[in-house]
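Note that this is a predicted model, so its numbers are computed, not measured.
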Amino acid sequence: MLRTCRACCGGLASADATEREIALDGMHGAVHHQGDVYDSTVACIPFLFELVRTAGLPGRGEIVELLRSIDGDGRAVAEMYFESDDEDEYAAWARNLARAESDTRARSGLLLDLLDDPDASLRQQLPGALV
């Protein structure tokens, strides 16, 4: 699982803007589609934070936006789209969402170090992520 997350997140570290956009779209589609949170979503969180903290890496603001959404920003949307009447499936989804929220919030202090980062698009995303 960890190797898969590193490979999937790898496109987000590309110097090519098109490749980063494709990777980000893939992340939204594969690990956070319509606000859903899976085991793979939770597994990707440490790598996403690692990318955000990589000085000079382009596209870090978009990664912070993804982390913000994973951290429950999309909870209401996800609940609206949750289509299963299976209580076990809902419980698994809710556990994953709680784990993702807990993990991103536990790491959110790392974002404080970035408030004076030269990347304006990154700084623009930080206040919402820190709230």
**Q** Quick check against the 3.5 Å criterion: does Arg20 have a side-chain atom that pairs as donor or acceptor with the backbone of Ser14?
**A** yes

**Q** What about Leu111 and Leu57, same hydrophobic cluster or not, with Ile/Leu/Val/Met/Phe/Trp/Tyr joined at side-chain heavy-atom distances under 4.5 Å?
**A**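 Hydrophobic grouping puts Leu111 with Leu57.
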
**Q** Are Ile22 and Met27 connected in a single hydrophobic cluster, I mean Ile/Leu/Val/Met/Phe/Trp/Tyr linked by side-chain heavy atoms less than 4.5 Å apart?
**A**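 Each belongs to a different hydrophobic cluster.
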
**Q** If every non-hydrogen atom of Ala30 is compared with every non-hydrogen atom of Ser40, which pair is closest and at what distance?
**A**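 Looks like O-OG, 4.5 Å.
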
**Q** To the nearest 0.5 Å, how far apart are CD in Gln124 and CG in Leu122?
**A** 10.0 Å

**Q** Please confirm whether the backbone N or O of Glu50 pairs with a side-chain atom of Thr54, one donor and one acceptor, at under 3.5 Å?
**A** yes

**Q** Checking side-chain contact (heavy atoms from CB on, under 4.5 Å) for the pair Leu48/Ile70: CA distance, chi angles, key distance, verdict?
**A** CA-CA 11 Å; Leu48 294 172; Ile70 290 170; 4.1 Å; yes

**Q** Excluding sequence neighbours, so at least two apart, what forms side chain to side chain contact (heavy atoms under 4.5 Å, CB included) with Glu62?
**A**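 Only Leu24 meet the side chain to side chain contact (heavy atoms under 4.5 Å, CB included) criterion with Glu62.
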
**Q** Less than 4.5 Å apart, side chain to side chain, heavy atoms only: is that true for Leu67 and Gln125?
**A**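 Side-chain contact under 4.5 Å: no.
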
**Q** Is any side-chain heavy atom of Leu114 closer than 4.5 Å to a side-chain heavy atom of Arg60?
**A**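 Of all side-chain heavy-atom pairs linking Arg60 with Leu114, at least one is under 4.5 Å.
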
**Q** If you round to the nearest 0.5 Å, how far is NE2 of His32 from CG of Leu66?
**A** 6.5 Å

**Q** Work out which heavy atom in Ala129 is nearest to a heavy atom in Arg68; give both atom names and the distance.
**A**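 Minimum heavy-atom contact is N-CD, 4.1 Å.
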
**Q** Once side chain to side chain contact (heavy atoms under 4.5 Å, CB included) is applied, do any residues pair with Arg107, and if so which ones, sequence neighbours excluded?
**A** Ile45, Pro46, Phe49, Asp103, Leu110

**Q** Check for a donor-acceptor pair, side chain of Arg123 on one end and backbone N or O of Asp117 on the other, with a separation under 3.5 Å.
**A** yes

**Q** Side-chain heavy atoms nearer than 4.5 Å, only ILVMFWY residues, links allowed to pass through others: does that put Val131 and Leu112 together?
**A**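 No.
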
**Q** Looking only at atom types and distance, does a side-chain atom of Thr41 sit under 3.5 Å from a main-chain N or O of Val31, one as donor and one as acceptor?
**A** yes

**Q** For the residue pair Asp119 / Ser121, report whether a side-chain donor-acceptor contact shorter than 3.5 Å exists.
**A**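 The answer is yes; a qualifying pair exists.
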
**Q** Is there a path of hydrophobic side-chain contacts, each under 4.5 Å between heavy atoms of I, L, V, M, F, W or Y residues, that connects Trp93 with Val42?
**A** yes

**Q** Please check: side-chain N/O of Ser102 versus main-chain N/O of Ala98, any donor-acceptor pairing under 3.5 Å?
**A** no

**Q** Applying side-chain contact (heavy atoms from CB on, under 4.5 Å), run through Leu51 and Phe47 and close with a yes or a no.
**A** CA-CA 6 Å; Leu51 290 171; Phe47 297 107; 5.6 Å; no

**Q** Are the side chains of Asp113 and Arg53 in touch, meaning some heavy atoms are under 4.5 Å apart?
**A** yes

